[in-house]
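Here it is: the structure, laid out below.
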Amino acid sequence: MDLSFLNEPQRQAVLQTEGAVLVLAGAGSGKTRVITTRIAYLLRQVSADHIVALTFTNKAAREMLDRVVKQVGRKKSKGLIVSTFHSLGVRILRQEIERLGYKRNFSIYSASDQLRLVRDLVQGQLVEGAAADADRVLWLISQAKNRLISADAYQPAANDAYQQLTAQVYPQYQRQLKACNAVDFDDILQLTIRLLHEFPEVLEHYRLRFRYIMVDEYQDTNVVQAQLLKLLSSFHHNLCVVGDDDQSIYGWRGADPGNILDFGKDFPSLKVIKLEQNYRSSGHILSAANALIVHNKDRHGKRLWTADEQGAPVVYRCCDDGEDESTVVVGRIHSLRFKSQLQYRDFAILYRTNGQSRIFEEQLRYENIPYVLIGGQQFFDRKEVKDALAYLKVMANTQDEVNLLRILNYPKRGIGETSAERIIQASVDQGLPLWQVLQHPEHITELGDKTQEAIREFVGLMRRYQRRLQQGNNLVGDVQDLFREIKLEEELYRQADDPQKARRRVENLHEVINAVSSYVEREGQTTLESFLEKVSLLDRDEPQRGSKEEKLKQDAVVLMSLHSSKGLEFPCVFLVGLEEGTLPHKKILEESGDVAEERRLCYVGMTRARQHLMLLSAARRRKYGRLQPRDASRFVHEIPPELLVHEDGEPVALPAAEEEQLASNFFSGIKDMLG
DNA sequence: ACTCATGATATTTTT
DNA sequence: TATCATGAGT
């Protein structure tokens with residue numbers, strides 16, 4: 001096998017197939033290439049179904065699989081598992097979950113489904129000192145699950161009212177989920193672990209099968225995932241993890257950088273390989289990034305280098321205010337686009353919080369520059385989308401009471417809140433699931449004739465479509481007919497105050513149908529269940545309209561948060577809002593004090609840049625309507641001045657030389673067009 | 001059941 | 001400043 005296209009450490013990482021291996025892969029060091037080549041190399045010795053590669057996003061998984069298929073062909077890669085942790089978990093659960101008392105058609109609850117459940121539970125509780133704050137409770141439950149703390153084992157701190165409330169709600173929440181035959185995101189991993197722990201034959205099956213395990217972005221794993229890996233690799237012990245401790249930016253979500261720092265403790269015979277040669281950024285950019293990250297303690301320690309040129313210097317500029325900052329950035333985009341022959345899509349504006357995008361959007365729109373915004377409110381979080389999906393979810397799992405209640409009277413069909421209350425009461429009294437109770441509205445006393453009729457009609461509708469969908473020969477058509485019959489579109493027009501908004505919502509509704517349609521086309525799958533599973537695992541990168549992937553293809557300036565920029569690269573990056581209180585963020589300074597993670601975030605942003613990197617801050621900024629003075633971020637000061645060109649508020653207009661260059665490029669462009 | 005006004009609140013968000 | 005959730009009023 002030809003490995004000459006790899007550098008020495010890369011080659012080592014590929015060839016070291018046995019035992020525990022930690023590949024410390026710096027930003028832009030070609031780690032995806034290493035992983036895919038490693039898989040290809042393994043495939044020469046073992047069959048595909050003994051190899052599993054885990055990633056964090058579906059997109060990464062898809063890309064990885066594509067590349068492997070390209071290298072070794074479809075036939076040899078058949079049976080290879082390349083998936084996210086969660087997909088692997090669901091796969092195991094669909095097979096084995098009945099052992100834990102769930103049914104195989106369990107639903108996966110989204111954040112909003114969860115929130116609805118918790119809200120109802122919290123309302124029933126009144127703990128002193130805790131306002132009924134479902135968000136916070138849900139967050140605490142999730143944190144607990146991420147640490148593998150079960151409902152019974154949860155120990156609230158005596159002085160924390162929220163934790164006490166959580167202690168009350170957590171077990172109830174878990175019971176409710178089970179009653180709905182539903183699992184939440186954290187459960188997917190948690191329950192998988194439970195299966196492996198409690199049923200040795202299940203563990204035996206998988207640990208025997210998985211002879212070689214590889215993990216990407218290992219710095220982002222949490223305790224549960226680390227444990228899962230330990231279990232799965234406990235027979236063959238061939239576990240290769242790839243990651244970069246300097247890019248660990250999801251600590252707040254339960255990711256434990258300790259996993260990558262202490263990996264050797266669990267695997268004493270560990271081989272460590274460092275990939276430090278960078279193939280992405282210019283020398284200046286790497287020097288500045290290295291200079292920043294050395295301020296962190298507790299790291300494996302890496303120094304990125306490049307064989308390429310030093311390139312353009314990294315520029316820092318302190319602007320007057322936010323407005324000024326946006327003008328400078330947009331002005332620079334204009335000039336660089338001509339000077340360096342860049343397209344719009346080669347520029348990225350990165351910020352700490354999504355709220356910072358607005359001012360740049362305004363400026364870009366004013367200058368007629370196309371842009372795409374990544375992040376913010378997600379497609380599947382929109383109300384109209386959730387409502388539409390709720391119908392489908394209930395058809396797939398009639399025990400899904402959260403969604404059943406959501407659609408019971410939407411669109412309005414004459415089952416008001418009081419009626420709903422009575423139905424719920426009846427369900428509790430009779431000890432039957434809601435769906436059962438609804439089958440016989442006449443058994444519920446106190447329900448008016450009209451309401452009973454409405455319920456009968458609703459149930460009839462649901463069963464009719466359930467039957468159609470189960471036949472499964474026209475998924476798209478069935479969904480379309482359903483939405484038409486319940487008049488969802490009309491409802492959207494009726495609700496909205498302005499027609500603009502309504503049209504946008506209807507469009508989103510159509511996108512749901514498109515999503516079904518493109519899913520059927522792509523996967524050749526036609527069951528409702530499999531579609532819902534895909535959607536629930538938040539495969540937002542499914543190349544449908546509005547996805548991150550699709551957006552990045554257009555020729556438009558990209559705006560996004562630092563978090564969502566990880567894994568991407570751009571010829572030219574603007575890192576904006578480099579101020580104390582924003583990056584590092586105020587909340588961090590006040591609460592966890594984990595400045596190191598903020599520094600890593602800044603580092604991630606800087607290392608996205610290939611040729612041009614500009615850091616910006618503003619001396620004053622409008623915040624919540626008030627103009628506040630701001631200090632430049634400590635991170636700016638941590639980069640030695642000789643690695644950074646400090647550019648002070650000189651006029652935004654182009655210097656004459658650039659003007660000239662611009663004109664000459666313009667003319668040569670015209671010449672090209674004329675042939 | 002729907003509208004309107006008030007006030008609290010304002011990180012990041014791979015699955 | 002913008003948004004959203006909540007509660008009073010129609």
Side-chain angles (χ1 to χ4, degrees), chain A residues 54-62 83-90 108-111 114-115 119 123 131-135 139 142 145-146 183-190 192 216-217 219-222 224-225 247-255 322 350-356 358-359 374-378 380-381 383 409-410 412 414-420 494-495 497 533-541 548-549 560-568 577 581-592 594 597-598 600-602 604-605 621-628:
Chain A
L54 296 172
T55 63
F56 275 83
T57 66
N58 293 296
K59 183 165 168 250
R62 198 164 44 239
S83 82
T84 62
F85 277 93
H86 292 265
S87 302
L88 179 68
V90 170
I108 300 166
Y109 268 11
S110 68
Q114 296 177 39
L115 198 61
R119 241 202 314 257
Q123 241 140 42
D133 190 340
D135 265 315
W139 171 251
S142 174
K145 286 185 177 181
N146 277 327
V183 304
D184 67 19
F185 265 100
D186 303 317
D187 282 343
I188 292 175
L189 300 177
Q190 176 115 341
T192 307
D216 193 12
E217 307 280 14
Q219 76 281 358
D220 292 332
T221 50
N222 60 30
V224 186
Q225 286 157 330
Q247 292 188 68
S248 161
I249 55 174
Y250 285 103
W252 53 274
R253 247 172 128 259
L350 307 181
Y351 36 75
R352 174 71 234 259
T353 67
N354 282 131
Q356 292 171 260
R358 215 201 50 218
I359 189 157
I374 290 177
Q377 211 198 12
Q378 297 292 327
F380 289 107
D381 294 337
K383 185 180 174 303
N409 196 34
Y410 178 89
K412 306 250 158 350
I415 310 173
E417 213 159 308
T418 18
S419 305
R494 218 175 52 73
Q495 273 175 7
D497 23 334
E533 183 156 314
K534 199 91 177 172
V535 169
S536 309
L537 291 174
L538 294 206
D539 196 351
R540 289 167 176 167
D541 295 317
K548 188 160 165 177
E549 207 164 78
M560 64 183 154
S561 70
L562 287 164
H563 282 92
S564 34
S565 77
K566 194 166 70 144
L568 304 174
T582 305
L583 186 68
H585 198 276
K586 189 163 141 249
K587 272 268 163 64
I588 302 284
L589 298 171
E590 286 166 0
E591 279 162 29
S592 68
D594 189 0
E597 181 155 312
E598 297 287 292
R600 291 193 288 267
L601 203 45
C602 187
V604 165
R621 198 177 283 279
R622 199 168 283 283
K623 251 195 147 208
Y624 310 138
R626 302 174 69 83
L627 209 56
Q628 296 178 338

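Labels below follow one simple rule: chain letters A, B, ... track the order of the sequence lines, proteins then strands, and each chain is numbered from 1.
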B:dT15 OP1/OP2 closer than 4.0 Å to side-chain N/O of A:Ser87: no

Measure distances between side-chain N and O atoms of A:Arg253 and base N and O atoms of B:dT15, and say whether any donor-acceptor pair falls under 3.5 Å. yes

Nearest-Å distance, CZ (A:Arg621) to P (C:dT1)?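 After rounding, the gap between these two atoms is 17 Å.
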
Are the side chains of A:Arg622 and A:Gln628 in touch, meaning some heavy atoms are under 4.5 Å apart? no

Quickly work out the A:Arg622 CZ to C:dA2 P distance and round it to whole Å.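 It is 10 Å, rounded to the nearest whole Å.
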
Under-4.0 Å salt bridge between A:Lys587 and A:Glu590: no

Over all strands shown, is A:Asn409 touching base, sugar-phosphate only, or nothing at heavy-atom distances under 4.0 angstrom? sugar-phosphate

Assign A:Phe85 to base, sugar-phosphate, or nothing according to its heavy-atom contacts below 4.0 angstrom with the strands shown. nothing

Would you indicate which nucleotide in B:dT14, B:dT15, B:dT11 comes nearest to any side-chain atom of A:Thr84? B:dT15

Any base atoms under 4.0 Å from A:Asp220, or only sugar-phosphate, or nothing? Heavy atoms, all strands. base

With respect to the phosphate group of B:dT13, does any side-chain polar atom (N or O) of A:Asn354 fall under 4.0 Å of OP1 or OP2? yes

Do A:Thr582 and A:Gln356 have side-chain heavy atoms sitting under 4.5 Å apart? yes

Tell me which of A:Lys412 and A:Ala255 sits closer to the 5' end of DNA chain B, going by the nucleotide each one is nearest to. A:Lys412

Whole-Å distance separating the CG atom of A:Leu54 from the C1' atom of B:dT14: 14 Å

Classify the ring geometry between A:Phe56 and A:Phe85 as parallel (under 30°), tilted (30 to 60°) or perpendicular (over 60°).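 Rings of A:Phe56 and A:Phe85: tilted, 30 to 60°.
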
For atom CD of A:Gln114 and atom C1' of B:dT15, their distance in whole Å: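 Going from A:Gln114 (CD) to B:dT15 (C1'), I get 11 Å.
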
Between P on B:dT14 and CD1 on A:Ile188, what's the gap in Å once rounded to a whole number? 15 Å

Rounded to whole Å, the CG-P distance (A:Asp594 to B:dT12) equals 17 Å

Tell me: CZ of A:Arg358 to C1' of C:dT1, nearest whole Å? 7 Å

Distance between the P atoms of B:dT12 and C:dA5, in whole angstroms? 16 Å

Is there side-chain contact between A:Leu627 and A:Arg621, with at least one heavy-atom pair below 4.5 Å? no

Winner on side-chain proximity to A:Phe56, out of C:dA2, B:dT14, B:dT11, is B:dT14

Looking for any heavy atom pair under 4.0 Å, which part of the strands does A:Leu562 touch: base, sugar-phosphate only, or nothing?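 If one applies the 4.0 Å heavy-atom cut-off, A:Leu562 turns out to touch nothing in the nucleic acid.
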
Integer angstrom distance from the C1' of C:dT3 to that of B:dT14: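 Comparing C1' positions in C:dT3 and B:dT14 gives a spacing of 26 Å.
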
Over how many whole Å does the gap from A:Lys534 atom NZ to B:dT15 atom P extend?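 So the NZ-P distance, A:Lys534 to B:dT15, works out to 11 Å.
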
Using the aromatic ring of A:Trp252 (for Trp, its six-membered ring), decide whether it stacks on the base of B:dT12 within the limits of 5.5 Å and 30°. yes

Under-3.5 Å donor-acceptor pair between A:Arg352 side chain and B:dT12 base: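 Under the 3.5 Å cut-off, the side chain and the base do form a donor-acceptor pair.
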
Any A:Ser561 side-chain nitrogen or oxygen under 4.0 Å from OP1 or OP2 of B:dT13: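 So the side chain of A:Ser561 is within the cut-off, an N or O lying under 4.0 Å from OP1 or OP2 of B:dT13.
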
Are any of A:Asn58's side-chain N or O atoms less than 4.0 Å away from OP1 or OP2 of B:dT14?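 Answer no for this pair, as no side-chain N or O of A:Asn58 is under 4.0 Å from OP1 or OP2.
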
Heavy-atom side-chain proximity of A:Thr84 to A:Leu537 below 4.5 angstrom: no

